[in-house]
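Everything on this sheet refers to the single structure shown next.
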Amino acid sequence: MKKLKKLVFNLTSVTIITAFIFLVSATSALAHYYAYGYSLYSMTYNLKTGGDWYFSEAAKNWGNAVGTNISQNGYSGNTARLASYSYNWYGQYAPKVSGGKTYAFDIRVNTRTLARDYGSDSGYASWQSIVSTATHEFGHAQFLNDLESGWGNASIMSYERNRDTIYKPQSHDITDIQNMR
């Protein structure tokens, strides 16, 4: 009977340790996953206000880095907007969700806040900060989550990145997309 209890105890211990290791490794792999992305491979967007060149550059950045086909289409249900908003955010990705699946999204890039924090003496936002923000928001459409602290310039999804120098997906972003495919 003692041998049976010891065997059960050992099996239980091994099971708990294995489950813990699995949970820790699975959590770290999914930590950068955003549940309301749109597609890992292809998407269109309808440009609603200004910014054709900026959004086109952001789309090219993802195409060159991971092969995602992002293109402008006036009939797309996905929208992109470059405007001055009276909020403090740089950019916003707003998914439209039904039944747990994203069927469309709206991307907004805020030139007012970018000009305040990344502007020149002329009062305009730098082109790099606008492209960085648009590229970041397209990252959400590809299931990438925000990286809030400790990432610096290692990721386009990092809040801490310098938007004047980091405006293309970094190796960390590329690896995350490749791992999800």
Side-chain angles (χ1 to χ4, degrees), residues 32-120 122-148 155-159 161-170 172-174 176-181:
H32 306 157
Y33 175 76
Y34 178 68
Y36 298 106
Y38 184 78
S39 173
L40 286 169
Y41 301 98
S42 180
M43 66 189 80
T44 60
Y45 64 94
N46 184 352
L47 187 64
K48 290 295 190 182
T49 55
D52 181 33
W53 184 83
Y54 304 105
F55 285 105
S56 177
E57 285 300 302
K60 282 184 209 170
N61 287 344
W62 283 111
N64 292 338
V66 295
T68 305
N69 181 16
I70 304 172
S71 61
Q72 187 177 337
N73 179 325
Y75 298 104
S76 177
N78 303 318
T79 57
R81 305 164 197 270
L82 176 68
S84 177
Y85 299 97
S86 60
Y87 301 101
N88 285 325
W89 43 259
Y90 296 123
Q92 187 179 66
Y93 172 82
K96 297 173 185 168
V97 180
S98 178
K101 183 169 172 38
T102 301
Y103 65 89
F105 61 80
D106 181 43
I107 289 176
R108 295 175 186 222
V109 175
N110 189 353
T111 58
R112 186 190 68 79
T113 306
L114 288 168
R116 181 192 71 200
D117 295 347
Y118 292 93
S120 63
S122 64
Y124 294 103
S126 69
W127 70 264
Q128 296 95 331
S129 68
I130 295 171
V131 172
S132 177
T133 303
T135 303
H136 173 97
E137 301 310 329
F138 277 133
H140 289 310
Q142 295 176 89
F143 300 92
L144 293 179
N145 209 354
D146 290 319
L147 301 176
E148 294 185 19
S155 171
I156 193 72
M157 302 310 292
S158 171
Y159 280 167
R161 76 188 182 284
N162 181 329
R163 287 162 179 80
D164 276 335
T165 59
I166 305 299
Y167 49 90
K168 294 181 179 182
Q170 302 299 294
H172 181 83
D173 308 306
I174 294 165
D176 277 354
I177 294 282
Q178 290 170 339
N179 286 341
M180 284 189 272
R181 288 183 173 168

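N179 is linked by a side-chain contact (heavy atoms from CB on, under 4.5 Å) to T175, counting only residues two or more places apart in sequence or in another chain. For E57, the side chain to side chain donor-acceptor pair (under 3.5 Å) partners two or more places apart in sequence, or in a different chain, are K60. With sequence neighbours left out, A83 forms a side-chain contact (heavy atoms from CB on, under 4.5 Å) with T49, Y85. Residues meeting the side chain to side chain donor-acceptor pair (under 3.5 Å) test with N78, sequence neighbours left out: none. Remark: Y41 engages S39, R181 in a side-chain contact (heavy atoms from CB on, under 4.5 Å) (not counting sequence neighbours). For D117, the side chain to side chain donor-acceptor pair (under 3.5 Å) test picks out Y90, with sequence neighbours left out.
A donor-acceptor contact shorter than 3.5 Å is absent between the side chain of D164 and the backbone of Q128. A side-chain donor-acceptor contact under 3.5 Å links T133 to the backbone of S129.
Salt bridge status for D106 with R81: present, with a side-chain N to carboxylate O gap under 4.0 Å.
Taking the six-membered ring for Trp and the full ring otherwise, the centers of F105 and Y38 sit less than 6.0 Å from each other. Aromatic rings of F138 and Y93 (six-membered ring for Trp) have centroids beyond the 6.0 Å cut-off, not under it.
For the residue pair A104 and G77, the shortest heavy atom distance occurs at CB-O, 3.7 Å. For the pair L82 and G51, the tightest heavy-atom approach, listed with the atom from each and the gap, is CD2-CA, 3.4 Å.
One distance of note links OG of S56 with CG of L47; it measures 10.0 Å at 0.5 Å rounding. Of the inter-residue distances, the one linking L144 atom CG with H140 atom NE2 reads 8.5 Å to the nearest 0.5 angstrom. Summarising the geometry, atom CD belonging to Q72 is positioned 4.5 Å from atom CG belonging to D52; distances are rounded to the nearest 0.5 Å.
In summary, of the residues considered (T135, V109, N110), a side-chain contact (heavy atoms from CB on, under 4.5 Å) with I130 occurs for V109 alone. Shown are W62, Y54, W127, Y118; of these, the ring-ring contact (aromatic ring centres under 6.0 Å, His included) with Y167 is made only by W127.
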Item to check | Criterion side-chain contact (heavy atoms from CB on, under 4.5 Å) on I70 and Y45, from CA distance to verdict | outcome: CA-CA 8 Å; I70 304 172; Y45 64 94; 3.9 Å; yes

Item to check | Derivation and outcome, side-chain hydrogen bond (donor to acceptor under 3.5 Å, both in side chains), residues S132 and R161 | outcome: CA-CA 9 Å; S132 177; R161 76 188 182 284; 2.8 Å; yes

Checklist entry - Stepwise, does the side-chain contact (heavy atoms from CB on, under 4.5 Å) test hold for D173 with M157? => result CA-CA 7 Å; D173 308 306; M157 302 310 292; 3.7 Å; yes

Checklist entry - Would Q92 and I107 count as a side-chain contact (heavy atoms from CB on, under 4.5 Å) if you check the C-alpha gap in whole Å, the side-chain angles of each, and the deciding distance to 0.1 Å? => result CA-CA 6 Å; Q92 187 179 66; I107 289 176; over 6 Å; no

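Judged purely by distance below 3.5 Å, without hydrogens or angles, the side chains of N46 and T79 never pair a donor atom with an acceptor atom. At a cut-off of 3.5 Å, with distance as the only test, no side-chain donor of N145 or Y33 sits close to an acceptor on the other residue. Between the side chains of D146 and H136, at least one donor-acceptor pair of N or O atoms lies under 3.5 Å. The closest side-chain donor-acceptor pair between Q142 and T68 falls under 3.5 angstrom.
The shortest side-chain heavy-atom distance between T113 and Y87 does not fall under the 4.5 Å cut-off. Side-chain contact check for F143 versus L40: some heavy-atom pair is nearer than 4.5 Å. Proximity of Y124 to T111: side-chain heavy atoms (C-beta onward) are nowhere separated by under 4.5 Å.
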